[in-house]
**Q** 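Once you've had a glance at the structure underneath, I'll fire off some questions.
All of these numbers come straight from a predicted model, not from anything done at the bench. Just the heavy atoms: all of them, side chains too, but no hydrogens, waters or symmetry mates, feed the values below.
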Amino acid sequence: MDNGHNCYNLIVEIENPISENVAIKKEIDAVLIGAKKPQQKIETVANTIFPKVLCSYDAPREEFYRRFHAIYPNLRKIRKNMGGTYFGRLVSWKYEDRHHSFNQVENTIYKLIEAKSKPRPIKVRYEMSIYDPSLDKASYIGFPCMSFISLKIRGNFLDMTVLYRNQFFGSKAYGNYLGLGRLLEFISRSSGYEVGKLTCIATHANLEGYKRAFRRIIDNLE
């Protein structure tokens, strides 16, 4: 760790990424909102990765995508979203080229369903990109911080590994993990697998100024 705030190649593995502690989430939200520079709530961060409010498992997946695509142009008008959102890049890769836009999530689900029907499925061909060299070549510290998502079949489980070029660990990590867990659940349920492990690798993590506040939350649990 460099100067107490910067950490390199920080690896976090979550055994059950769809489980959450509502009480802890509420306390962390209070810290983030009450900070000198107020931050987004955890659910807001999570929704950039997986917009839970738009998803119904009782409806076809196409309806979920349709709902998102209906609001995505307006989301893109917000200054910080001019380059897209994480979920936008996943379901509308190459959004700027309307004739060649590509749904990475649906393509991945299709390949996983195909694998499920085979006696010896290929376990390592389920990759989704966030970082786009053609769009992000001039990017500095802003979007996208997440670069890549890799899914692996492990028996009847589906595991997810995510690479971050940079992660604001204090203000974003909980929301990141929550959104990624929900994305993993969506892909797993849609393709017939059990939700497996979530592993996040932050090649650089900025711990920011929340260590003391989060330590108090942790100490109260013990």
**Q** Within this structure, what is the OG-CG distance for the pair Ser188 and Leu183, rounded to the nearest 0.5 Å?
**A** 9.0 Å
**Q** Could you grab the distance from atom CE of Met128 to atom CE of Met160, nearest 0.5 Å is fine?
**A** 5.0 Å
**Q** When you check the side-chain N and O atoms of Ser171 and Glu208, is any donor under 3.5 Å from an acceptor?
**A** yes
**Q** Can a side-chain donor-acceptor contact be found between Gln40 and Lys172 if the only test is distance below 3.5 angstrom?
**A** yes
**Q** Ring pair (Phe, Tyr, Trp, His ring centres under 6.0 Å) with Phe168: which residues, sequence neighbours excluded?
**A** none
**Q** Tell me whether Lys116 forms a cation-pi arrangement with Tyr193, defined as NZ or CZ under 6.0 Å from the six-membered ring centre and within 45 degrees of its axis.
**A** yes
**Q** Measure the spacing between CD1 of Ile71 and OG1 of Thr85 and express it to the nearest 0.5 Å.
**A** 8.5 Å
**Q** Can you tell me how far OG of Ser129 sits from CH2 of Trp93, rounded to the nearest 0.5 angstrom?
**A** 5.0 Å
**Q** With rounding to the nearest 0.5 Å, note down the distance linking CZ in Phe50 to CD1 in Ile187.
**A** 8.5 Å
**Q** With a 3.5 Å cut-off and no angle check, do the side chains of Asn176 and Gln167 form a donor-acceptor pair?
**A** yes
**Q** Does a donor on one side chain sit under 3.5 Å from an acceptor on the other, for Ser150 and Lys152?
**A** yes
**Q** Looking only at heavy atoms, which two atoms of Glu27 and Ile217 are closest? And how far apart?
**A** OE1-CG1, 3.7 Å
**Q** Establish, for the pair Arg189 and Tyr57, whether the NZ or CZ atom is under 6.0 angstrom from the six-membered ring centre and no further than 45 degrees off its axis.
**A** yes
**Q** Which class fits the ring pair Phe186 and Tyr65: parallel under 30°, tilted 30 to 60°, perpendicular over 60°?
**A** perpendicular
**Q** What pairs of residues pass the salt bridge (charged side-chain N to carboxylate O under 4.0 Å, His left out) test when at least one of them lies in residues 155-170, not counting sequence neighbours?
**A** Arg154-Asp159
**Q** Name the atoms and distances for all side-chain donor-acceptor pairs under 3.5 Å in residues 118-125, with sequence neighbours left out.
**A**
none

**Q** Identify the two heavy atoms, one from Leu198 and one from Pro17, that lie closest to each other, and give their separation to 0.1 Å.
**A** CB-CB, 3.7 Å
**Q** Hey, are Lys197 and Thr161 close enough side-chain-wise for a donor-acceptor pair under 3.5 Å?
**A** no
